[in-house]
Amino acid sequence: MFRHLFLFIAAAAAFGPAARADEVDLQPSVQVTASRVAETVDQVLADVSVITRADIDASGARDVLDLLRLQAGVDLYRTGGAGQQTSLFLRGTNSNQVLVLIDGVRAAAATTGAFAFEQLPLDAVERIEIVRGPRASYWGADALGGVIQIFTRKLDGPRVALGYGSYRDADGSAGIGHWNVPDGDSVQVGARHVGGFSATNPGICNGPDDPYCSYDPDDDGYRNTNLAARGAYSIGSQIVSAALYRSQGQVQFDQGYSDVIEQTAGLDLEGELAPGWNHRLALGSSREDLDTPAFDARYLTRRSSLLWQNEIRLSGNQHVVAGIDLLHDRAETLDTFAGAPRYDDGRDNRAVFGGWRATFGAFDGEVSVRHDDNSAFGGANTGSLALGWRANELLRVYTNVGQGFRSPTMNELYDPGYGGYFAGNPDLQPERSRSSEIGVEFAPSAGQKLQANAYSTRVDDLIAFTGANNQAINIAHAKIDGVELSYAVSAGAWTSRASCTWQDARDGDTGAALLRRAKNKASGVLERRFGDRLSGGVEVLAAGRRADVGGVELGGYAIVNLRARYRIGSAWSVVARLENLAGRDYELVHGYNTPGRSAFLEIAWAP
């Protein structure tokens, strides 16, 4: 299954020797997620990827799923088409063991601990930063597998876009912005309506006579409206900035539909307090409302946060980062049939953190620690240590070790269950992890980069619903080991990147493979410019067999996507995308369909 992808990687590598006078520099992106301060990717002592707006525009992708699934160490599954539930595993960890931020604000629901990626409109995204490995010593709970931070759209001028494609998929967005850095503002609104296809297939049933089977072959559609707004204004040495993101959608499924609202908002004050001393004072809020009338269920999440972060330059090669992080969660679940709450509870988390970073010649190191005090389960201490060595301009090696923890979700703590079954447990302790990693980066020329990372993670006190009444308890363990290889090259009009992931994610007690994690995965993108106006490319994605619920093993698959972008004059552009070129029939979740061969076209105006 992987043979054609390995040929693709070999073809990409073949551009390396040709990268001479015509090579295009692969400039390192600046990111702020790994250590809470701005650093270039090649300075960070962790594995970081950045997806820029230019990458998104070139891809023509309709969903964030189409972008993230091409990244090393990322596994995603979706129960159907657009708008259906999507979960992400980063380096084999669970979807609620990955911290998701939107413009610096925690975005996951407090009820489940997971972020609904399916509700994120890709047109509202400016960039995505992915940091692999535990970052709890900087960010606190839930960052066991890593951190994904999403930055909302930042327009500089007017923009209008309309798109249409297979499965009656129509969307549009319009916005305007103006920036004279650091001052400026931007606002964009968007909408999407998808006729869809049947999310499920007969495989979801336990045989043709299953009396509880919910399979219905009708189309399961999706509609969404969204808003992304941000602004900044300087007052002397200080900058006041604000960001608002809101997505409101309705997704259909065989038994009915769900209405979903996701929203984050942030207000920041940052700047220099004294020479060498910069600070950031940030207020944040987020909410998620999930209403499913067919199940008489409504889930409401409210979160507020306050952060004061300080960066102090001790010298030209040393700095420290320290701060105070306060968080309040509140969750309410309602039985809408009875008109009564199932539970309505809250919790507080207070934390202090600090990190020291220094460079001495060819070596650089980082130490960070954090203490969290949570009203639900008490204290949690985490730390990390990293060391890097730059042999020369071509070769860099780094290693790091770190701890992480995941707070029990509000459902795991307080949900009364169903007739006493699957009930929460207020005495739960957080899940805890320890990880180690070694990374090697080799850049033989300005247009090439080869990277290899090997990691090992152990998770203890995993929360599971078990026992006589299937109550939530701390009982399980997980062992996750993996290797990631990635290669990027730019030579003349050609640009390509490819990655391979091998991982072994298992239940530490039984040795069984963790569900829906492919042991082998590979992806690649090959792009070519044809003059200044036209570019085109091919994406290849392959994944091996995965275990699923009920002892089912999902087969491996490989798909090929095509994409092209053409500029018409100075203001207009057209993007076309053809997905699943060969029309492969495959499943990401047993009993749920995936899109067949499909095409999309978008035209945009941005003078």
Side-chain angles (χ1 to χ4, degrees), residues 24-44 48-58 101-105 121-131 149-161 173-190 226-246 264-284 307-313 316 319 321 323 567 570-571 573 604-607:
V24 178
D25 221 352
L26 293 176
Q27 295 293 337
S29 301
V30 174
Q31 60 78 47
V32 297
T33 304
S35 302
R36 285 187 175 264
V37 296
E39 296 177 294
T40 59
V41 171
D42 62 349
Q43 292 176 321
V44 180
V48 178
S49 298
V50 178
I51 302 172
T52 67
R53 186 64 228 182
D55 296 329
I56 298 171
D57 289 338
L101 308 167
I102 297 181
D103 295 323
V105 178
L122 197 52
D123 209 29
V125 175
E126 182 70 20
R127 61 191 270 121
I128 302 173
E129 296 180 1
I130 305 170
V131 185
Q149 180 156 201
I150 299 152
F151 297 89
T152 53
R153 197 71 182 257
K154 185 178 180 180
L155 293 174
D156 193 6
R159 181 183 183 274
V160 179
S173 62
I176 191 170
H178 175 73
W179 293 87
N180 184 15
V181 179
D183 299 349
D185 53 72
S186 171
V187 61
Q188 177 178 279
V189 294
N226 55 83
L227 166 70
R230 58 194 306 175
Y233 184 71
S234 57
I235 307 173
S237 63
Q238 304 296 299
I239 299 173
V240 179
S241 61
L244 172 65
Y245 159 75
R246 180 182 173 91
T264 61
L267 178 64
D268 290 10
L269 173 68
E270 58 185 319
E272 189 177 65
L273 294 178
W277 178 10
N278 289 287
H279 84 121
R280 176 180 173 232
L281 183 65
L283 290 170
L307 166 72
W308 188 39
Q309 177 180 309
N310 299 268
E311 180 188 6
I312 301 173
R313 291 281 171 183
H319 75 261
V321 177
R567 292 194 61 85
S570 60
S573 63
W605 174 78

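Just so you know, these numbers use all the heavy atoms, side chains as well, and skip hydrogens, waters and symmetry mates.
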(message) Can you list everything that forms a salt bridge (charged side-chain N to carboxylate O under 4.0 Å, His left out) with Glu270? Sequence neighbours excluded, please.
(response)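 For Glu270 there are no salt bridge (charged side-chain N to carboxylate O under 4.0 Å, His left out) partners, ignoring immediate neighbours.
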(message) Going by the rule salt bridge (charged side-chain N to carboxylate O under 4.0 Å, His left out), which residues pair with Asp268 if we only count those two or more places apart in sequence or in a different chain?
(response) Arg280
[X] vs [Y] side-chain heavy atoms within contact, under 4.5 Å:
X	Y	result
Glu129	Phe151	yes
Val44	Gln31	yes
Arg159	Ile176	no
Trp605	Pro158	yes
Gln149	Asp103	no
Gln309	Val321	yes
Asn278	Asn310	no
Gln43	Val48	no

(request) Could you pull out the closest heavy-atom pair between Ile239 and Ala232, with the gap in Å? (result)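 Taking Ile239 first and Ala232 second, the nearest heavy atoms are CG2-CB, 4.2 Å.
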Not counting sequence neighbours, which residues clear side chain to side chain donor-acceptor pair (under 3.5 Å) with [X]? List them please.
X	value
Glu272	none
Arg246	Gln248, Gln263
Asp55	Thr52
Arg567	none

Please name all residues satisfying side chain to side chain contact (heavy atoms under 4.5 Å, CB included) with [X], sequence neighbours left out, ordered by chain then number.
X	answer
Ala265	Leu244, Ser285
Arg53	Ile56, Asp57, Asp123, Glu126, Arg153
Ala38	Val30, Val32
Ala228	Ala124, Thr152

Straight-line distance of [X] [atom1] to [Y] [atom2], nearest 0.5 Å:
X	Y	atom1	atom2	value
Trp308	Leu281	CH2	CG	8.5 Å
Leu101	Thr33	CG	OG1	6.5 Å
His279	Ile312	NE2	CD1	12.0 Å
Ser241	Leu269	OG	CG	8.5 Å

(request) Look only at the side chain of Ser173 and the backbone of Gly190, and say whether a donor-acceptor pair between them is shorter than 3.5 Å. (result)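 Checking the backbone N and O of Gly190 against the side chain of Ser173, no donor-acceptor pair under 3.5 Å is found.
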(message) Quick test of your reading: applying side-chain hydrogen bond (donor to acceptor under 3.5 Å, both in side chains), list the pairs with at least one residue in residues 175-184, sequence neighbours left out, ordered by first then second residue.
(response) Asp183-Ser234
